[in-house]
Amino acid sequence: MAENKMKLHWDNVYYNKNENEVSWYQKIPKTSLDHIKSLNLNLDSKIIDVGAGESRLVDNLLDLGFNNIDVLDISKKSIEKAKNRLGEKSEKINWIVSDINDFVSNNKYDLWHDRAAFHFLKDSSKINNYVELANSCLNSNGKIILGTFSSNGPLKCSGLEISRYNSSSINEIFKKHFILLNHRISIHPTPFDTFQEFMFAVFEKK
Ligand SMILES: C[S@@+](CC[C@H](N)C(=O)[O-])C[C@H]1O[C@@H](n2cnc3c(N)ncnc32)[C@H](O)[C@@H]1O
């Protein structure tokens with residue numbers, strides 16, 4: 001899908017659906033939080049949530065005391081909705097409306113989190129660019145927490161085709177710059193009483 005169509009697709013989703021009317025909704029993003037807590041990061045660690053949408057991860061990170069958070073999404077509408085939900089607290093966040101494929105950062109992050117955004121990249125050049133971007137944006141020993149649909153997960157998300165991964169296929173893609181520290185399957189109960197199998201991988205920059 002062309003980039004402007006992709007932006008339109010996601011803005012339409014966030015215009016037309018409430019937070020809990022999308023399959024990926026989580027009241028508490030527990031798997032992501034468990035992984036983040038296990039990394040024992042300093043509270044001033046620089047964190048980016050890539051393709052965050054309306055995720056409540058940012059609320060939870062603020063509650064945990066993290067104070068250096070960037071939230072990025074291709075959809076301006078999703079960012080507006082997340083900002084409104086947070087009210088005054090939203091001023092503590094650096095909000096970025098960008099296609100990850102076009103993202104240019106002057107910052108160096110300690111943690112790059114992505115749940116269910118990377119798996120929309122189908123083109124191998126975009127996948128490679130994503131890995132190069134993550135590498136150039138992370139500090140040495142920086143970590144990635146990546147949640148994608150697993151090889152038993154759905155074939156589509158939000159009506160769009162995705163790529164499914166297992167630990168060896170994801171490692172193959174990231175191994176040039178990253179070491180796979182751990183991976184796990186996580187079953188996500190959707191708001192529609194169905195279940196989706198995710199694979200979460202944690203990488204460390206070489
Ligand atoms: C399935 S949703 C997941 C949202 C959030 N990470 C969560 O776990 O609730 C995918 C998100 O990725 C965003 N997205 C898709 N393609 C993107 C791209 N190329 N650049 C930035 N964001 C993108 C969408 O706007 C959407 O918010």
Side-chain angles (χ1 to χ4, degrees), residues 1-36 47-61 69-83 85-86 93-105 111-134 137 144-150 153-165 186-192 194 196-201:
M1 200 186 271
E3 277 171 35
N4 53 349
K5 276 200 177 169
M6 197 58 97
K7 187 174 162 35
L8 211 62
H9 169 86
W10 287 108
D11 271 336
N12 276 333
V13 168
Y14 289 109
Y15 267 105
N16 292 317
K17 305 226 186 224
N18 291 324
E19 182 190 23
N20 60 354
E21 291 176 335
V22 295
S23 59
W24 54 91
Y25 170 70
Q26 294 177 295
K27 194 167 178 189
I28 301 171
K30 186 172 179 317
T31 307
S32 299
L33 286 167
D34 286 349
H35 278 302
I36 291 168
I47 299 175
I48 183 164
D49 192 10
V50 173
E54 281 188 85
S55 168
R56 290 175 177 246
L57 183 66
V58 59
D59 313 41
N60 283 275
L61 292 176
I69 307 167
D70 287 10
V71 170
L72 177 146
D73 202 277
I74 195 171
S75 162
K76 189 172 175 215
K77 184 67 186 168
S78 75
I79 296 281
E80 271 171 31
K81 287 172 87 176
K83 272 186 181 174
R85 185 186 68 233
L86 279 164
I93 306 300
N94 179 33
W95 303 94
I96 305 165
V97 178
S98 173
D99 185 328
I100 192 61
N101 299 296
D102 303 328
F103 181 49
V104 181
S105 173
L111 174 65
W112 175 288
H113 174 270
D114 177 328
R115 172 179 179 265
F118 170 76
H119 67 191
F120 289 103
L121 301 179
K122 298 284 289 171
D123 186 296
S124 61
S125 68
K126 288 194 172 160
I127 290 172
N128 288 337
N129 284 346
Y130 182 103
V131 176
E132 293 299 328
L133 179 67
C137 288
I144 301 178
I145 297 173
L146 190 66
T148 67
F149 282 165
S150 79
L155 294 167
K156 287 189 170 186
C157 181
S158 187
L160 304 174
E161 287 188 3
I162 53 90
S163 295
R164 303 187 299 177
Y165 294 97
S186 168
I187 307 294
H188 166 58
T190 74
F192 319 125
T194 58
Q196 298 177 330
E197 194 173 298
F198 275 75
M199 200 264 319
F200 272 81

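Indexing begins at 1, ligand by ligand and atom by atom, following the structure's order.
Contact shell of ligand 1 (protein heavy atoms, cutoff 4.0 Å): Trp10, Tyr14, Trp24, Gly51, Ala52, Gly53, Ser55, Leu72, Asp73, Ile74, Ser98, Asp99, Ile100, Asn101, Arg115, Ala116, Ala117, Phe120, Cys157.
By the side-chain hydrogen bond (donor to acceptor under 3.5 Å, both in side chains) test, Ser55 is found to be paired with no residue, residues two or more places apart in sequence or in another chain being considered. In this view, Trp112 and Tyr130 satisfy the ring-ring contact (aromatic ring centres under 6.0 Å, His included) rule, not counting sequence neighbours. For Phe149, the ring-ring contact (aromatic ring centres under 6.0 Å, His included) partners two or more places apart in sequence, or in a different chain, are His119, Phe198.
The side chain to side chain donor-acceptor pair (under 3.5 Å) test with Glu19 singles out one residue from Lys27, Arg56, Gln26, Lys81, and that residue is Arg56.
Across all non-hydrogen atoms, the minimal contact from Phe200 to His35 is CB-NE2, 3.6 Å.
A salt bridge between Lys83 and Glu80 is absent, with no side-chain N of the basic residue lying under 4.0 Å from a carboxylate O of the acidic one.
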